[in-house]
*Asks:* 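For reference, the structure I am asking about is given below.
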Amino acid sequence: MTDIYLYNTLSRQKEKFAPVSEGRVGIYVCGPTVYNHSHIGHGKSYVSFDAIIRFFRFVGYKVLYVQNITDVGHLTDNADEGDDKIEKEAKRDRMNPMEIVETFMRSYFEDMDRLGVIRPDISPRATGHIVEQIELARKLIERGYAYEAAGNVYFDVSKFPDYGKLSGKKVEDLVAGARIDVRSDKRNPADFALWKKAEAGHIMRWPSPWGDGFPGWHLECSTMSMKYLGDSFDIHGGGLDNQFPHHECEIAQSEAATGKPFVRYWIHNNMVTVNGTKMSKSLGNFVTLKDAFKKFDPITVRFFILQSHYRSPLDYSDEAVEGAGKGLDRLKNVIRELRGLAGDKRVAVDFAHLPDEPINLRRYYGDWLAAMADDFNTPGAIAALFEMLKDVNSAIGSGGVLNADSASLIYSFILTLAGDVLGIVRSDDRAESGRNIESSLINLLINLRLDARKNRDFKLADSIRSELQNMGVVLEDKKDGTTTFKVVR
RNA sequence: GGCGACGUACCCAAGUGGUAAGGGAGAGGUCUGCAAAACCUUUAUGCGGCGGUUCGAAUCCGCCCGUCGCCUCCA
């Protein structure tokens, strides 16, 4: 199997991937808190992990992908005070918190589907795992890592010397910071909540050994990841902003409870800025995916995201996405040409035995694979595909070099690497070549225009062309005298 | 204040010691009735600045400048 190297936040260097269990990958990625529509930052995160997971599957791993839905327990201000975000929305809209959760969870999946993100194998919800979370908190108290105080349960950071190993932070530095709640019933200011007592009026609450309450902010991910992937698993991913405190706390809770290493590889994707500044509601530059989809094809947004590396920050701007879209059009054009030459026939591609004639697929695949296997370098992989496009276009342009079999192989090659793995083209897109009535009508107009051109009635011919263009149908006259069309947005 | 990341052409963006991928935009050309698409040529002696290590640095080290993130929920 291809060796994969990935950057492990824990060691701050690239490491060769070695799974816990031969041939299998267990991966957990922190999912969204569903109290609002997803934004472009969620898009980057989940598209990046989607490409990573598709690549693992492509090289032959059996992947189990778990991504939670946080539907409880986030507070607006800090660890111990403030409102639950979901409840805040619910109160404002006079809805049950679960209605808010349901609404935005559906919205999230809808956006992800449009981005071509393959759904996780398991999407566990925090509210569905309250019993397990209470159990984990209880176990931590038993083992001396946590304590109860007035209906709250806190993790005692001083009992876990490794606290800080992921983020590089020292407890002393944290304590030295100004933002500590002196009146708290914590033993140490750096301790974090495993379970919070529900005050009167708090809607989302569950009975526990410590009275009515709700789970702390980090507990769900430890609980659910270990439940479905085991006490020690391969990869845990998430946004860079979650590195501290969230992931740090997960490690502490999990390793204290089991006595085993929690996660082998931590992967963190970088953040999105908009026109150079951080997205925030107060700045008014918050771009939701639904906003972006009004301007751009979702797959173009996906392509834009994958054109930069997951560990690089991504600056979102209309200009940049437009530029990406034009590049993507080139790829789509080639696929359309090949589909025609191949008679729409997709064949199985043997990546171990690729030809170097008439197109050097072996070389381009080598470049593509090397890029992807080197910490999932999607920009490099895309560059390899674009270098190939030049070759393919030259071959098509020179006429007759590509026979149907070659075209079919190249067509299938591109659909696999660009479609199945990167997801930047739709592998099953038949919209333009179908036998539907629109196609028939367009072909009728094309024939009328060909007649007009034969009669040198260019005024009529150009009129047909421009009218069709206004409807989003672009005509292309071929050297052999035929005319093809493509549908653009 | 503490911790960390980044700064590559007009824009986006790969590249972690061997002499600057790829995409967009621009310029010239081929093809075309004209377009569109495509192809060819072209656009960074230089990778924020200044030093240093080295035969050799965008790549390593130091300092400075700038941007961003985390240290409070956040992908």
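This structure is a prediction, so every number in the text was calculated from the model and none was measured. Each chain gets a letter, A, B and so on, in the order the sequences are listed, and its residues count up from 1.
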*Asks:* Distance between the P atoms of B/G26 and B/G62, in whole angstroms?
*Replies:*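 That atom pair is separated by 43 Å.
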*Asks:* Without swapping roles, check the side chain of A/N443 against the backbone of A/S439 for a donor-acceptor pair under 3.5 Å.
*Replies:*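 Here the side-chain-to-backbone pair exists.
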*Asks:* Please state the P separation for the pair B/G48 and B/U59 - nearest whole angstrom.
*Replies:*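 Straight-line distance between the two P atoms is 8 Å.
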*Asks:* For B/G66, what is the paired nucleotide under Watson-Crick or G-U wobble rules, both distances under 3.5 Å?
*Replies:*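 With both distances under 3.5 Å, B/G66 matches B/C6.
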*Asks:* Of A/N242 and A/Q469, whose closest RNA chain B nucleotide lies nearer the 5' terminus?
*Replies:*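 Closer to the 5' end of RNA chain B: A/Q469.
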*Asks:* Which atom pair, heavy atoms only, marks the closest approach of A/V72 to A/I86?
*Replies:*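 Looking at all heavy atoms of both residues, the closest pair is N-CD1, 3.7 Å.
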*Asks:* Among B/G22, B/C71, B/C74, which is the nearest nucleotide to the side chain of A/F386?
*Replies:*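 Looking only at heavy atoms from C-beta outward on A/F386, the closest nucleotide is B/G22.
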*Asks:* Out of the candidates A/Y5, A/Y265, A/Y7, only one should pair with A/F17 under the ring pair (Phe, Tyr, Trp, His ring centres under 6.0 Å) rule; please name it.
*Replies:*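 Answer to the ring pair (Phe, Tyr, Trp, His ring centres under 6.0 Å) test with A/F17 among A/Y5, A/Y265, A/Y7: A/Y265.
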*Asks:* Can you name the residues that form a side chain to side chain contact (heavy atoms under 4.5 Å, CB included) with A/I464, not counting sequence neighbours?
*Replies:*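 Side chain to side chain contact (heavy atoms under 4.5 Å, CB included) check on A/I464 returns A/L445, A/L448, A/R449, A/L460, A/L468.
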*Asks:* Does anything in residues 39-50 of chain A reach RNA chain B, meaning a heavy atom under 4.0 Å, and if so which residues?
*Replies:*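 A/H39, A/G41, A/H42, A/S45, A/Y46, in order of number.
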*Asks:* Which is true for A/K390 with a 4.0 Å heavy-atom rule: it touches a base, it touches only sugar-phosphate, or it touches nothing?
*Replies:*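 Result for A/K390 = sugar-phosphate.
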*Asks:* Relative to the 5' end of RNA chain B, which residue comes earlier, A/E387 or A/D241, by the nucleotide with the nearest heavy atom?
*Replies:*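 Closest to the 5' end, via its nearest nucleotide, is A/E387.
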*Asks:* Counting the atoms with a prime plus P, OP1 and OP2 as sugar-phosphate, which does A/V272 contact under 4.0 Å by heavy atoms, base, sugar-phosphate, or nothing?
*Replies:*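 Contact class for A/V272: base.
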*Asks:* Between B/G15, B/A37, B/A75, spot the one nearest the side chain of A/N377, thanks.
*Replies:*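 It is B/G15.
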*Asks:* Grab the CG-P distance between A/D111 and B/A75 for me, whole Å please.
*Replies:*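 Going from A/D111 (CG) to B/A75 (P), I get 14 Å.
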*Asks:* Quick one, A/F485 and A/E476 - any side-chain contact, counting heavy atoms below 4.5 Å?
*Replies:*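 Heavy-atom side-chain distance check fails, nothing below 4.5 Å.
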*Asks:* If the cut-off is 4.0 Å, is A/N269 near the phosphate of B/A75, judged by side-chain N/O to OP1 or OP2?
*Replies:*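 A/N269 to B/A75 OP1/OP2: no side-chain N or O under 4.0 Å.
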*Asks:* Please enumerate all residues that pass side-chain hydrogen bond (donor to acceptor under 3.5 Å, both in side chains) together with A/N270, with sequence neighbours excluded.
*Replies:*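 Partners of A/N270 under the side-chain hydrogen bond (donor to acceptor under 3.5 Å, both in side chains) test: none.
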*Asks:* Ignoring hydrogens and geometry beyond distance, is the side chain of A/K85 in donor-acceptor contact with the base of B/C73 at under 3.5 Å?
*Replies:*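 Such a pair is found, so the answer is yes.
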*Asks:* B/A75, B/C68, B/A35: which one has an atom nearest the side-chain heavy atoms of A/M271?
*Replies:*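 Given the options B/A75, B/C68, B/A35, the side chain of A/M271 is closest to B/A75.
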*Asks:* Ignoring hydrogens and geometry beyond distance, is the side chain of A/D462 in donor-acceptor contact with the base of B/G33 at under 3.5 Å?
*Replies:*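 Looking at the base of B/G33, it does pair with a donor or acceptor on the side chain of A/D462 (distance under 3.5 Å).
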*Asks:* Would you please say whether a donor-acceptor pair under 3.5 Å links the side chains of A/E220 and A/T70?
*Replies:*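 A/T70 and A/E220 do have a side-chain donor-acceptor pair below 3.5 Å.
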*Asks:* Under 3.5 Å between N/O atoms: give me all the protein pairs with nucleotides 9-13 of chain B, atom names plus distance.
*Replies:*
none

*Asks:* If you measure from the P atom in B/C60 to the same atom in B/G18, how many Å do you get, rounded?
*Replies:*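 Here B/C60 and B/G18 have their P atoms 12 Å from each other.
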*Asks:* Please tell me if the side chains of A/F104 and A/T33 come closer than 4.5 Å, counting only heavy atoms from C-beta onward.
*Replies:*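 A side-chain contact is absent here, since even the closest heavy-atom pair is not under 4.5 Å.
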*Asks:* Taking only the C1' atom of each, what is the distance from B/A9 to B/U43 in whole angstrom?
*Replies:*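 Taking atom C1' in both B/A9 and B/U43, they lie 8 Å apart.
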*Asks:* Grab the CZ-C1' distance between A/F485 and B/A35 for me, whole Å please.
*Replies:*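 One finds 18 Å between C1' of B/A35 and CZ of A/F485, rounded.
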*Asks:* Rounded to whole Å, please give me the gap between CD1 in A/I442 and P in B/A36.
*Replies:*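 A/I442 atom CD1 is separated from B/A36 atom P by 20 Å.
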*Asks:* Which one is paired to B/U32, where only Watson-Crick or G-U wobble pairs with both distances under 3.5 angstrom count?
*Replies:*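 Checking every strand shown, B/U32 finds no partner, since no pair has both distances under 3.5 Å.
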*Asks:* Listed in order of residue number, which residues of residues 444-461 of chain A have a non-hydrogen atom at under 4.0 Å from RNA chain B?
*Replies:*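 A/R449, A/R453, A/F458 - these, ordered by number, are the residues of the stretch whose heavy atoms sit under 4.0 Å from the strand.
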*Asks:* Which pairs, with at least one residue in residues 371-385 of chain A and sequence neighbours excluded, count as a salt bridge (Lys or Arg N to Asp or Glu O under 4.0 Å)?
*Replies:*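 Sorted result for residues 371-385 of chain A: A/K14-A/D374, A/R311-A/D375.
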*Asks:* Consider ring pair (Phe, Tyr, Trp, His ring centres under 6.0 Å). Of A/Y65, A/F376, A/F49, which one does A/F56 pass it with?
*Replies:*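 Option passing the ring pair (Phe, Tyr, Trp, His ring centres under 6.0 Å) with A/F56: A/F376.
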*Asks:* What contact category does A/L240 fall into here, base, sugar-phosphate, or nothing, at under 4.0 angstrom with non-hydrogen atoms?
*Replies:*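 The residue A/L240 makes no contact with any strand.
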*Asks:* Partner of B/A27 by Watson-Crick or G-U wobble geometry, both contacts under 3.5 Å, or none?
*Replies:*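 B/A27 is paired, partner B/U41.
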*Asks:* Could you tell me the separation between the CZ atom of A/R311 and the P atom of B/G69, rounded to a whole number of Å?
*Replies:*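 That distance rounds to 19 Å.
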*Asks:* For side chain to side chain donor-acceptor pair (under 3.5 Å), just list the numbers for A/Y35 and A/D71, CA-CA rounded to whole Å, side-chain angles, deciding distance to a tenth of an Å, and then say yes or no.
*Replies:* CA-CA 8 Å; A/Y35 69 100; A/D71 55 359; over 6 Å; no
*Asks:* State which of B/C74, B/C3, B/A75 makes the closest approach to the side chain of A/K169.
*Replies:*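 Given the options B/C74, B/C3, B/A75, the side chain of A/K169 is closest to B/C3.
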*Asks:* Would you kindly give the NZ-to-P distance between A/K88 and B/C73, to the nearest whole Å?
*Replies:*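 So the two atoms are 14 Å apart, to the nearest Å.
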*Asks:* What about A/H218 and A/F192, are their ring centers closer than 6.0 Å?
*Replies:*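 For A/H218 and A/F192, the ring centres are under 6.0 Å apart.
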*Asks:* For B/C47, what is the paired nucleotide under Watson-Crick or G-U wobble rules, both distances under 3.5 Å?
*Replies:*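 With both distances under 3.5 Å required, B/C47 matches none.
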*Asks:* What's the closest nucleotide to the side chain of A/R465 if the choices are B/C68, B/A5, B/C34?
*Replies:*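 Looking only at heavy atoms from C-beta outward on A/R465, the closest nucleotide is B/C34.
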*Asks:* For nucleotides B/G28 and B/U54, find the distance between their C1' atoms and express it as a whole number of Å.
*Replies:*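 Between the two C1' atoms, the distance is 43 Å.
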*Asks:* With ring-ring contact (aromatic ring centres under 6.0 Å, His included) as the criterion, how do A/H202 and A/F214 come out once you've worked through the C-alpha distance, each side chain's angles and the decisive distance to 0.1 Å?
*Replies:* CA-CA 9 Å; A/H202 200 97; A/F214 54 93; 4.3 Å; yes
*Asks:* Kindly determine whether A/V392 and A/E337 satisfy side chain to side chain contact (heavy atoms under 4.5 Å, CB included), including the steps that lead there.
*Replies:* CA-CA 10 Å; A/V392 174; A/E337 296 275 359; over 6 Å; no
*Asks:* Could you tell me the Watson-Crick or G-U partner of B/C60, where both distances fall under 3.5 Å? Say none if there is no partner.
*Replies:*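 Looking at the geometry, B/C60 pairs with B/G52.
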*Asks:* Find the distance A/L331:CG to B/A37:P and express it as a whole number of Å.
*Replies:*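 Rounding to the nearest Å, CG of A/L331 and P of B/A37 are 15 Å apart.
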*Asks:* Between the side chains of A/E250 and A/H247, does any donor sit under 3.5 Å from an acceptor?
*Replies:*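 Side-chain D/A pair, A/E250 to A/H247: present.
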*Asks:* With rounding to the closest Å, how many angstrom separate the P atoms on B/C31 and B/C40?
*Replies:*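 It works out to 16 Å between them.
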*Asks:* Establish, with yes or no, whether the OP1 or OP2 oxygen of B/U16 is under 4.0 angstrom from a side-chain nitrogen or oxygen of A/R12.
*Replies:*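 Negative; the distance criterion is not met.
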*Asks:* How long is the line joining NE2 of A/H37 and C1' of B/A75, in whole Å?
*Replies:*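 To the nearest whole Å, that distance equals 17 Å.
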*Asks:* As a test of reading the structure: which of B/C39, B/A37, B/A21 is closest to the side chain of A/N333, going by heavy atoms?
*Replies:*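 Looking only at heavy atoms from C-beta outward on A/N333, the closest nucleotide is B/A37.
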*Asks:* Write down the distance separating the P atoms in B/C6 and B/C10, rounded off to the nearest Å.
*Replies:*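 Pairwise P distance, B/C6 against B/C10, rounds to 23 Å.
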*Asks:* Looking at every strand, decide which applies to A/G325 at a 4.0 Å heavy-atom threshold: base, sugar-phosphate, or nothing.
*Replies:*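 The answer is nothing, as A/G325 stays clear of every strand by at least 4.0 Å.
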*Asks:* Looking only at atom C1', what distance separates B/A14 and B/C3, rounded to whole Å?
*Replies:*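 Between the two C1' atoms, the distance is 28 Å.
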*Asks:* State the pairing partner of B/U19; accept Watson-Crick or G-U wobble contacts with both distances under 3.5 Å, and report none otherwise.
*Replies:*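 Looking at the geometry, B/U19 pairs with no nucleotide.
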*Asks:* For the residue pair A/W266 and A/F262, does the interplanar ring angle fall in the parallel (under 30°), tilted (30 to 60°) or perpendicular (over 60°) class?
*Replies:*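 A/W266 and A/F262: tilted rings.
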*Asks:* Let me know the distance between CG of A/D329 and P of B/G23, rounded to the nearest Å.
*Replies:*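 These atoms are roughly 14 Å apart.
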